[in-house]
Structure formats: C-alpha cells, structure tokens
Amino acid sequence: MKLLQVLNGEPVYPPPVWLMRQAGRYLPEYKATRAQAGDFISLCLNPALATEVTLQPIRKFGFDAAILFSDILILPMALGQGLRYAEGEGPRLPPLQKAAELTLEKAPGIYAPVMQTVANLRACLPKETALIGFAGSPVTVACYMLDGQGGTGFPRTRQLAYEDPSFVEDILDVLTEATIVYLQAQVDAGADCLMLFETWAGIFPPAQFRKFVIEPNRRIVAALKAKNPGIKIIGFPRLAGLMLGEYIRKTGVDAVSLDTVTDITRAKKACPENTIFQGNLDPLLLKLGGAAMEDAVRTILATVKGTPHIFNLGHGITPDVPEANVARLMEIIREA
Ligand code: CP3
C-alpha cells in the first residue's frame, strides 16, 4: 500500500492520493444511496450502504486510500447526546450542560454498525488500497456538543474555555477516553491507519491550544500506539499556524494534513525533520478546474517530489465539484 509506505517515511512518486470527503454529494451515486438510506445518520449506521458509498469513489477514480464513511459526530451521539442533520444546514445537537449527561458504557453498542462497515471494507477493498479509520479530535467534537451547531464560530465553547475551563476539560476527558476506545475498535475491525480531524484547532489561542488541542491528541496517540505499536496516525490540526511544530512534537502523530493556507516548504522548515505531510490543494480549485487547478497541482507535485507526501486537499471536497475535474486531477498526478 503506497499510503502506508509514505507513512513509514518512504518517498513515493507520484505520491499516493485520496481526498477528504471523497465519498459525498458531488457524486450522483452517493446521492442515490443516501436517498435509499433515508437520511445521513441512517447512512452512517447502515453497514451495507456505508460500505457502498465508501467504495464509490475508489471504483470511479482509483484513489490509493478509502476513508471509512461515517461522521465525527457519531461518537457524541453514541455517548447519548441528541444529533440530527437539518437538510442543507449541517448538524444540530442540544447544547451539553454537564459532562455527566454523557455515558460511555452504551457507546460501543450504538456505534457497532460503524465497526461492521470497517470489517466489510477491509474484506472487499483492493489490497493496494489503504483503509483509513478516523475520529474527530476531542475539542473539535466538543465545539459542536457545546454550541449545538457549526457555522457561528462556536461562541459558547470559546467563552466556556475562559470562564469554566474545568467543565471543558471534563468533557475533553470523557471524549478522549471514548475516542481511544472508538479508534481501537476501528483498528481491531481492520483499519490500516487512522486520522484525527481537529478542524477547529485554529480558534484557540496558544495556552488553550496546548491544553485543549495538543494534550487530548497526545493522549489518544500515546494510548493507541501503546496497544498497536505499528499503527500510523495522521493529525489534522487545521489552521494551527505557528503551533503546528509543537503539535507534531508533543502529540507524536506520524503525519499532518495541511490546510490550504499553509505553505508546504515553510511548514517543512518549521516542523521536526522528516515530518510527513498530506495536503493541501484548495478545494475551490477542484471546483474551478482548468489551468488554475492544473498549475496548483503541478506546483504541489514539484514541491513534494523526493519526500514522503500524501496528495490531498486542504479541506473537504464540496458538493459543487464537477467529477471531470477529479478525473483530470488523478490523470495529472498519475502521469507525473
Ligand atoms: O471524507 C470522507 O469521505 C469520510 C466521511 C466523513 C464525513 N464527515 C462525511 C460527511 C468525514 C471524515 C467527516 C468528518 C467531519 N464531519 C468533520 C471534520 C472534517 C471537516 O470537514 O472539517 C466535521 C467538522 C464533521 C461534521 C459535519 N458533518 C458537518 C459540519 C457536516 C455538514 C456540512 C456539509 O458538508 O453538509 C457534516 C455532514 C457530512 N459528513 C456529509 C458527509 C458526506 C454531508 C452529508 C450529506 O448531506 O450527505
């Protein structure tokens, strides 16, 4: 598997490629399967259909990795918090009032279908295609749990981080523990490597970044590596800025996914030697296609040649991306 070769530090060229949100609404077959499932959460919890949507982009584009089809908010749902997806509006949760509202014991039973999806996938994916398991990182998941929705900059979470940090830390403790068990279950079910999505890392000032971002991610990586010595973990501390190097050194992740605003060459200088990167094409260019996209793809390829790198976007693919642009992207990379 080219993806694992890179995660083991081998430069592979052309680089292995997959795209965040590669299973999604830009694919008509995804929309059809989601309609069959009824709604998004039912799709995440239906192993046969979740397996199908995970495989759709692999069949169509031949990506080097498949990412389990699920969502970072399945875990808080399994811990007992209500979750719904309002059509076209994103997730809605009843804002959490105390950590004691969460129960760890029942969670594995509720997310059991996700583990069945992982097992199905490992059994039917081509052997050269890596299967990525994932979870949201604790404070990113907590942002949705405390504010009840995205899109508004998480004002309650940010205020609580100053006014009631022990409440935030109590939630992070529960989530950290639950995330370790959840990711271990994915490894046991057949995930080849893992990714931690810390989408909202960039909203926390340095002191909070250390407590709320680095420390929970560090604990998760340490626990999983203690039990699974060879397991590779990709972190995605989005918009971490100058905290990126410290995040890598202290969490012990094997690789980091870079957001669109981070220059790969400068990140290499600021991070520990031999850091492995993933990313970071602007998803907007994948929508626009044409010369702008092609130039940006070639620039990334030239920058990473000779180093271990995983080609990806700087954030998730959007529903308005034409499939033809994804096919063209793959052609450029494969011909490099
Ligand atoms: O990448 C993949 O193909 C794997 C599946 C995956 C999804 N969400 C499917 C999804 C993964 C890894 C995620 C992670 C996720 N979910 C994150 C972290 C990464 C990121 O994008 O920042 C976050 C913050 C979430 C929470 C979430 N889920 C939001 C805010 C939304 C609504 C936004 C939107 O695009 O509509 C979702 C819904 C969601 N998760 C969809 C998919 C395919 C769209 C659901 C649909 O309508 O079919």
Subject >> Selection residues 128-140 - residue pairs positive for side chain to side chain donor-acceptor pair (under 3.5 Å), sequence neighbours left out >> reply: Ser137-Asn217, Thr140-Glu198
Results of side-chain contact (heavy atoms from CB on, under 4.5 Å) for [X] - residues two or more places apart only:
X      : result
Ala223 : Ile180
Asp170 : Ala99
Pro94  : Gln81
Ile110 : Met77, Ala78, Lys106

Could you work out, with side chain to side chain donor-acceptor pair (under 3.5 Å) as the rule, every residue matching [X], not counting sequence neighbours?
X      : value
Ser257 : Gln278
Arg328 : Glu294, Glu331
Glu105 : none

Not counting sequence neighbours, list each pair that qualifies as a salt bridge (Lys or Arg N to Asp or Glu O under 4.0 Å) and has a residue in [range].
range            : answer
residues 299-315 : none
residues 76-88   : Arg34-Glu87
residues 173-189 : Asp173-Arg219

Original post:
Taking NZ, NE, NH1 and NH2 as the nitrogens, is one of them in Lys250 or Glu246 under 4.0 Å from a carboxylate oxygen of the other?
Top reply: yes
Original post:
Going by atom types only, do Gln97 and Glu101 share a side-chain donor-acceptor pair under 3.5 Å?
Top reply: no
**OP:** Kindly give the cluster partners of Leu242, where membership spreads through any ILVMFWY side chain lying under 4.5 Å from a current member.
**Re:** none
